[in-house]
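Everything on this sheet refers to the single structure shown next.
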Amino acid sequence: MEKTFADLGLAPELLQAIQAQGFEQPSPIQAEAIPVALTGRDVVGQSQTGSGKTLAFGLPAIQLVDPTDRRAQALVLCPTRELAQQVCAELHKVVSFKEGLRATPVYGGASYDRQIRALQAGSQIIVGTPGRILDFVDRGTLRLDALKVLVFDEADEMLDMGFAEDIEKLMESLPEKRQTIFFSATFDPRIRRLIDRYTHEAATITIEQKALTVPTIEQRYYEVQGRSKTEVLCRVLDIEDPRLSIVFANTKKAVDDVTDALVGRGYAADRLHGDLNQMMRERVMRNFRNGTIEVLIATDVAARGLDVNDVDLIVNYELPYDTEDYVHRIGRTGRAGRKGTAVSLVAGREIYLMQRIQRFTNAKVERTKVPSQEEVETKLVDQTFELLKATLESGEYSKHEHTIQRLLDAGFQITDVASALLDLWIKEGAREGEEIHEDRAPVKKDRPQKDFVPRERAAEGTGAPQGEGGEGRSTRPAGPRPPAAGMKRLFINIGGMDHARPGDIAGIIYNTCQIPAGSIGSIDVLPKCSFVEVPDELAPAVLTSIEGATFRGRDVRMDHADREGGGGAANWAPRPPRRDFDGPPRDREGGGGYGGKPRFGGGGYGGKPGGGGYKGGGGGFKKPYGPRRDEGGGGGYGGGKRFGGGGGGFKPRRWDNGDS
């Protein structure tokens, strides 16, 4: 028998608030978490984005707060200002039914004065970001000595954004006796350590699913060339014809480029990234909610803070580097039981990221053929037909019998008149497409791919992604890749051996250098170091501000990745291949002599000192058999007689006597 809200132990005024919002039954996470949280026990909950986590922790917190005490009694920590606004708005719908209770949002990018006045007036529930909350605590504006309930909403995202130190400092000002609630879509070892440290005998609630993604979301991807992505994106928007859609990119520059391209093609589109001030962000979101903007292009900073339930389509213009971000991106659609579509544009080596995502989410993402121009035109004709049919059936249109009769009197057939009108109408609404490589490519069978088969959930490893057949394969070519246009690639001396993740590196830079959110581009984590892209104009400030920063006790050092001899990054090279004991040695190149097979080495081969020869000191050559004959000072040449020759050996011509 399914539970109702009345079965969860909620107060009458809260049940009235729920009924006013039209909720009939609690979601699975609400049904499991609310009764436990009402007892005052610590709770750790894992459920997907859009599953009702806000009310799962909000209703118990509201019920446990004393409305006669004006001090802060409940604190909800969120990773982004958008999520803080969304959570506070949801709580306001319930708080209004409990007299004397107030909830206040506190986040960066907004006026200090307004938030300070709200706190001084007295507010029992505080919802905000760790940075601004800690700022008010340090100023003495916010006192948390009466705190009863502490909530971490999307705790994993807070750590990814570098709030670990702020959280640690904030916890020092909180009373030991309190209830702590953790909610997140995903958990990893860092979150587990945080839970172990700040909770006591917590009840763990996990909503079991065969996959981390919502079943109502249709997922598919297109393999395209990088330069074809914008045209394919337009075709997807035309084919799907969504009411509202969100396009995700990894950098603010990519967001700007995609937005400009879509606006130039006639789409109602706008951008959302870290360079926008709070007033601009609110304007963009207001226009998106009311449908003035139909396509929103955003970075991941907006992935967890968008309070819009009618998003029909999510497009990953660029796949995220972190597989968890994929879950949160596509969680913006298919909410509250609605159907949604998530499309990814995969170019080149991004196919390995897609394979990682499928393993992580334990869900198959269908590979689909890129829509052709003919399919787009057919879709437009079908839409025009349905609209015309509905207009004729409704009878709500102006009649133009006189004009039609004039055309008939001029000798035109009625079918020709109708065809001409439809042609003009379709051309008026059609977008001028462009031919892409995928259109010119010859028709051939798709290359065989091993179908992904969802498996039983197991602990995810941290190794390199597995290719087909289970063999490990790198997701990018060896060595630092060239930076994107307008970006500067920087070297940082922490990497995989330091257990650093892209989110850790981004957090260090954001917290230390105070650069705008969304400024950081791609981050490549190697075993001993990493490479990070920042805008050209911010690179000097980042290099200056990072001095003195530490990561897990290690001093952080950054430098230009392309500076010769600087930072150790410019001279980066793959480790030389080792000799295989069951086969011939591999080629090695350096700065010395030549012997036998193409083998070069500066300082001799085989570990013996020399100036570049093969198994010789000073550059000579040692025969693998027979007596040793070392001649020359700088190198030796293998094959027949071996000769030195100052800086390098020479192979004598056949008529030389070999004595010179």
Side-chain angles (χ1 to χ4, degrees), residues 1-11 14-15 18 23-65 74-79 83 86-87 90-91 94 125 127 148-159 167 178-216 304 324 327-328 331 334-337 360-362 456-460:
M1 180 178 178
E2 294 184 354
K3 293 183 179 179
T4 65
F5 282 104
D7 300 328
L8 304 183
L10 294 170
L14 299 187
L15 293 176
I18 293 169
F23 295 116
E24 296 180 354
Q25 289 183 332
S27 67
I29 189 65
Q30 293 168 355
E32 296 292 333
I34 290 176
V36 179
L38 287 175
T39 65
R41 184 180 177 184
D42 290 352
V43 176
V44 176
Q46 181 179 15
S47 185
Q48 297 145 343
T49 301
S51 60
K53 295 195 298 292
T54 302
L55 289 182
F57 64 74
L59 291 173
I62 292 172
Q63 182 157 322
L64 295 174
V65 166
L75 174 63
V76 181
L77 295 177
C78 304
L83 185 57
Q86 172 188 341
V87 170
E90 291 295 322
L91 296 183
V94 181
I125 302 175
V127 183
K148 296 180 180 179
V149 181
L150 172 65
V151 178
F152 289 87
D153 191 15
E154 307 289 12
D156 51 351
E157 181 71 2
M158 277 188 267
L159 295 187
I167 292 173
R178 66 174 186 276
Q179 180 184 21
T180 304
I181 300 175
F182 278 86
F183 271 99
S184 180
T186 57
F187 285 144
D188 60 24
R190 300 174 306 149
I191 303 298
R192 292 294 179 188
R193 287 193 293 269
L194 198 68
I195 292 170
D196 293 340
R197 185 172 181 181
Y198 297 123
T199 63
H200 177 67
E201 296 182 355
T204 301
I205 299 172
T206 302
I207 303 304
E208 295 293 340
Q209 295 259 349
K210 294 182 179 179
L212 286 176
T213 51
V214 179
T216 56
R304 302 201 184 187
E324 293 181 7
V327 177
H328 295 294
R335 307 191 74 174
F360 178 78
T361 60
N362 195 30
E456 294 295 328
R457 294 296 302 169
E460 294 291 334

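In this chain, residues are counted from 1 in sequence order.
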Q. Is V94 close to L55 at the side-chain level, that is, under 4.5 Å between some pair of heavy atoms?
A. yes
Q. How many angstroms lie between CG in L194 and CZ in R192, if you round to the nearest 0.5 Å?
A. 11.5 Å
Q.
According to salt bridge (Lys or Arg N to Asp or Glu O under 4.0 Å), does anything in residues 194-205 pair up with another residue at least two apart or in another chain? List the pairs.
A. E168-R197
**Q.** Residue pair V44 / D42, side-chain heavy-atom distance below 4.5 Å
**A.** no
Q | Over all atoms of both residues, closest heavy-atom pair of C78 and V127 | A | SG-CG1, 4.0 Å
Q: May I ask you to decide if the ring planes of Y198 and F152 are parallel, tilted or perpendicular, using 30° and 60° as cut-offs?
A: parallel
Q: Answer yes or no: is there a side-chain heavy-atom contact under 4.5 Å between V76 and I181?
A: no
**Q.** Option from T39, L14, V36, I34 for which side-chain contact (heavy atoms from CB on, under 4.5 Å) with P60 holds
**A.** I34
Q. Excluding sequence neighbours, so at least two apart, what forms side-chain contact (heavy atoms from CB on, under 4.5 Å) with P26?
A. F5, L8, Q30, A31
**Q.** For T199, all residues meeting side chain to side chain donor-acceptor pair (under 3.5 Å), sequence neighbours excluded
**A.** none
**Q.** Atom pair NZ/OG of K53 and S27 - distance to nearest 0.5 Å
**A.** 9.5 Å
Q: Under the salt bridge (charged side-chain N to carboxylate O under 4.0 Å, His left out) rule, collect the residues that match up with R190, sequence neighbours excluded.
A: D160, D188, D504
Q.
Nearest 0.5 Å, please: how far is OG1 in T54 from CG in D153?
A. 5.5 Å
Q | Any donor-acceptor N/O pair, Q63 side chain to G9 backbone, under 3.5 Å | A | yes
Q) Quick one: are L150 and L77 in side-chain contact, heavy atoms under 4.5 Å? A) yes
Q.
Quick check against the 3.5 Å criterion: does Q179 have a side-chain atom that pairs as donor or acceptor with the backbone of R41?
A. yes
Q: Using a 4.5 Å cut-off on heavy atoms from C-beta on, say whether the side chain of L59 contacts that of I18.
A: yes
Q.
So, taking the atom named CG in L75 and the one named OG1 in T180, what distance separates them when rounded to the nearest 0.5 Å?
A. 10.5 Å
Q) Residues two or more places apart in sequence or in another chain: which of them pass side-chain contact (heavy atoms from CB on, under 4.5 Å) with E32? A) I205, I207
Q | Smallest separation among heavy atoms of L64 and L38, with atom names | A | CD2-O, 4.0 Å
